[in-house]
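Chain letters run A, B, ... following the sequence lines, proteins first and then strands; every chain starts at 1. Please read all numbers here as calculations on a predicted model, not as lab measurements.
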Number of protein chains: 2
Amino acid sequence: MVDPDSPEQAYLQVANDLGRRIQAGEIRGRLTSERDLAGEYEVSYGTIRRAMGILRDRGLVVSVHGRGTFVTRASGS
Amino acid sequence: MVDPDSPEQAYLQVANDLGRRIQAGEIRGRLTSERDLAGEYEVSYGTIRRAMGILRDRGLVVSVHGRGTFVTRASGS
DNA sequence: AGACATTTGTACGTATGTATG
DNA sequence: GCATACATACGTACAAATGTC
């Protein structure tokens, strides 16, 4: 979930939460689809897209068109 | 509301009132938008802007473009 | 080949909010 | 008080890639 009372932007809250969970080893392999993540975090698809872009820039995940988004090998615990 | 018969300037009345309510813990998280505050205090938007600038200078709030103005953590009760 | 489902990718329009003059 | 610009966020629709049956 995202805290609307936080000054932190929604897409950053999502990116930081996912990044933390990835580095903690909670998430491995394939991530939940972007649209499903939008439902889980209760934000729009565009917000998830933006958060994913940040995770890709950080090198934590790679996205494959038509297949999904995957945790990179070095990112886990 | 603002007292037009007071010698204190309108933007100072607003800033002081909001500052008092923040430090009393009445306001936390996200503030009402600047446009709505202008309606509540029955002053112009510019007056609210000026009052907000004072609250920011005092470190009571932070404003985030496109998201809102937020009470800083240390400001509440 | 074809049909279908799933998923990422792209592109709108709309609403709301701050920033500035 | 108003207009303009910019940023965030939402919602939707459609396109493109992949895999399965």
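Contact annotation: the side chain of A:Tyr41 approaches that of A:Leu18 to within less than 4.5 Å [non-hydrogen atoms, C-beta and beyond]. Looking at heavy atoms from C-beta onward, A:Phe70 lies out of side-chain contact with A:Val61 at the 4.5 angstrom threshold. A:Met1 places none of its side-chain heavy atoms less than 4.5 Å from the side chain of A:Gln13. No side-chain heavy atom of B:Arg28 sits less than 4.5 Å from a side-chain heavy atom of A:Asp5. Under the 4.5 Å side-chain criterion, counting only non-hydrogen atoms from C-beta, B:Ser63 is not in contact with B:Met52.
Atoms CG (A:Leu37) and P (D:dC10) sit 14 Å apart, rounded to a whole Å. Between the P atom of D:dG11 and the CD1 atom of A:Ile48 lies a distance of 12 Å, rounded to the nearest Å. Protein atom CG of A:Asp36 is 10 Å distant from nucleotide atom C1' of C:dT6, rounded to whole Å. In this structure, the CZ atom of B:Arg49 is 18 Å from the P atom of D:dA5, given to the nearest Å. Between the CZ atom of A:Phe70 and the P atom of D:dT18 there is a distance of 12 Å, given to the nearest Å. Between the CD atom of B:Glu42 and the P atom of D:dG1 there is a distance of 10 Å, rounded to whole Å. For the pair B:Tyr45 OH and C:dG21 P, the interatomic distance rounds to 13 Å; values are reported in whole Å.
Under 4.0 angstrom from either OP1 or OP2 of C:dG17 there lies at least one side-chain N or O belonging to B:Arg30. Between B:Ser33 and C:dT16, a side-chain N or O to OP1/OP2 separation shorter than 4.0 Å is absent. Close to C:dT8, at under 4.0 Å from its OP1 or OP2, lies a side-chain N or O of A:Thr69.
Few gaps surround CZ on B:Arg30; more than 12 heavy atoms of other groups in view lie less than 6.0 Å from it.
The side chain of A:Glu34 has C:dG9 as its nearest neighbour among D:dC2, C:dG9, D:dC10. The side chain of A:Val43 sits closest to D:dC10 out of C:dT8, D:dC10, D:dC2. Checking C:dT10, C:dG17, D:dG1 against the side-chain heavy atoms of A:Arg35 singles out C:dT10 as nearest. Distances from the side chain of A:Arg56 to the nucleotides C:dT20, D:dC10, C:dG9 place C:dG9 closest. Of the listed nucleotides (D:dT8, C:dT8, D:dC2), D:dT8 has the atom at the smallest distance from the side chain of A:Arg50.
With sequence neighbours excluded, the residues satisfying salt bridge (Lys or Arg N to Asp or Glu O under 4.0 Å) with B:Arg49 are B:Glu34.
Scanning residues 59-67 of chain A for heavy-atom distances under 4.0 Å to DNA chain C yields A:Ser63, A:Val64, A:His65, A:Gly66, A:Arg67. Listed in residue order, the members of residues 7-15 of chain A having a heavy atom less than 4.0 Å from DNA chain D are A:Gln9, A:Ala10, A:Tyr11.
Cluster membership for B:Leu37 and B:Val62, using ILVMFWY side-chain heavy atoms within less than 4.5 angstrom, is not shared.
At least one donor-acceptor pair under 3.5 Å links the side chain of B:Asn16 to the backbone N or O of B:Leu12.
Using a 4.0 Å heavy-atom criterion, one finds that A:Gly46 contacts no nucleic acid atom at all.
With respect to the salt-bridge test (charged N to carboxylate O, under 4.0 angstrom), the residues B:Arg67 and A:Glu8 do not qualify.
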